[in-house]
Amino acid sequence: MPKKKYSNYRKEAKSMNFEVEEPIELLEFLLKIMTNRSRNSVKSILARGQVTIDDHIETKYNYRLRRGQTVTILKNKAAIKEDILIGMNILYEDDDIIVINKEAGLLSIATEKEKKHTALHQLMDYVKKENPDNRVFVVHRLDKDTSGVMMFAKSEQVKRKMQDNWKEIVKERTYVALVEGQVTKEKGYISSWLRESKTHLMYSSPTQNDGLHAITHYKLVQSNDEFSLLEVQLETGRKNQIRVHMQDLGYPVVGDKKYGSKKRTAIGRLGLHAKVLSFNHPTTNKLMLFKTDVPQSFLAKSE
């Protein structure tokens, strides 16, 4: 039976944490824990994003758990109705902006398949509790499986100011990427022209000026025979830029099947995290700096 980390669980508790003692599929693990729930009920909890594993949301029934991982389950539907943001937490908020730390597995905005379980939808509900007329606007995005710092605007005016002056306002965007292979070069950069295929796959065009210019700088943090941890800075912000450029270098991002990864289950998520976002506040012009911790799974794999 999985070991419960916190035995003082009370009726009003918002979540329960369990430690994995042996390799097992996630659905089977949850069924063992929640013996009072039906299989369909447990599947619904997974689909709503109420289950996290270490530092990411997981919704796949057949996700393979490893010994030592921590599975966290939000208590029930009632918990969602409270002031709980699933898969993210607010780092900063004022009258103009909201800055969050997004977990891997949470969509930034809605898709055709998923409308509600997104950062934008949750924040919209959050601000409307104070005033039904309040709104939240997307300034930039993080891929679903990328974690880290992300910001939103609270008005159309602030959104436009940020987007129209992005290069001047944003001072630093630093990511960490866990990639496959042993990177030997201490630092470097890659410059290419990115295009999108009919199947929505981004790629570097062999022809100069054919597409959107993208420049990515990288620095080696640590590595071993199998994996390397890189600190990556964006000079431009193109769709899937880091993922394409890492593939171009021959070191695809861990878990990124779309762009060349062969070790998709190494950490159970995409090996990309937005570590730092620094910008001049759109109203006060004050320099803002937000940092998040590097996921432990990234550090452990690249030691």
Check: So with a 6.0 Å cut-off around NZ of Lys291, is the heavy-atom count from everything else above 12?
Finding: no
Note to self: Between Lys154 and Glu93 (salt bridge meaning N to carboxylate O under 4.0 Å), is one present in this structure?
What the structure shows: yes
Notebook entry, point to check: Looking at Asp95, Asp96, Asp94, Ile97, which one forms a side chain to side chain contact (heavy atoms under 4.5 Å, CB included) with Thr283?
Noted result: Asp96
Notebook entry, point to check: What is the minimum heavy-atom distance between Ala214 and His245, and which atoms define it?
Noted result: O-CE1, 3.4 Å
Note to self: Taking atom CD as the centre, does Gln157 end up with more than 12 heavy-atom neighbours from other residues, nucleotides or ligands that are less than 6.0 angstrom away?
What the structure shows: no
Next item on the list: To the nearest 0.5 Å, tell me how far Leu123 CG sits from Ile100 CD1.
Entry: 5.5 Å
Note to self: Counting neighbours of NZ on Lys171 that are heavy atoms of other residues, nucleotides or ligands and sit closer than 6.0 Å, is the number greater than 12?
What the structure shows: yes
Note to self: For the residue pair Ser147 / Arg269, report whether a side-chain donor-acceptor contact shorter than 3.5 Å exists.
What the structure shows: yes
Checklist line | Candidates Val254, Leu230, Leu272 - the one meeting side chain to side chain contact (heavy atoms under 4.5 Å, CB included) with Met246 | finding: Leu230
Check: Is the CZ atom of Arg141 crowded by more than 12 outside heavy atoms at less than 6.0 Å?
Finding: no
Note to self: Around atom CG of Asp293, are there more than 12 heavy atoms from other residues, nucleotides or ligands closer than 6.0 Å?
What the structure shows: no
Check: Salt bridge between Lys239 and Glu196, side-chain N to carboxylate O under 4.0 Å?
Finding: yes
Next item on the list: Please check if any side-chain donor atom of Thr174 sits under 3.5 Å from a side-chain acceptor atom of Glu172, or the reverse.
Entry: yes
Check: Has Arg160 got more than 12 heavy atoms of other residues, nucleotides or ligands less than 6.0 Å from its CZ?
Finding: no
Check: Same cluster for Val276 and Leu91 if Ile/Leu/Val/Met/Phe/Trp/Tyr side chains link at under 4.5 Å?
Finding: no
Notebook entry, point to check: Are there more than 12 heavy atoms of other residues, nucleotides or ligands under 6.0 Å from atom OH of Tyr189?
Noted result: no
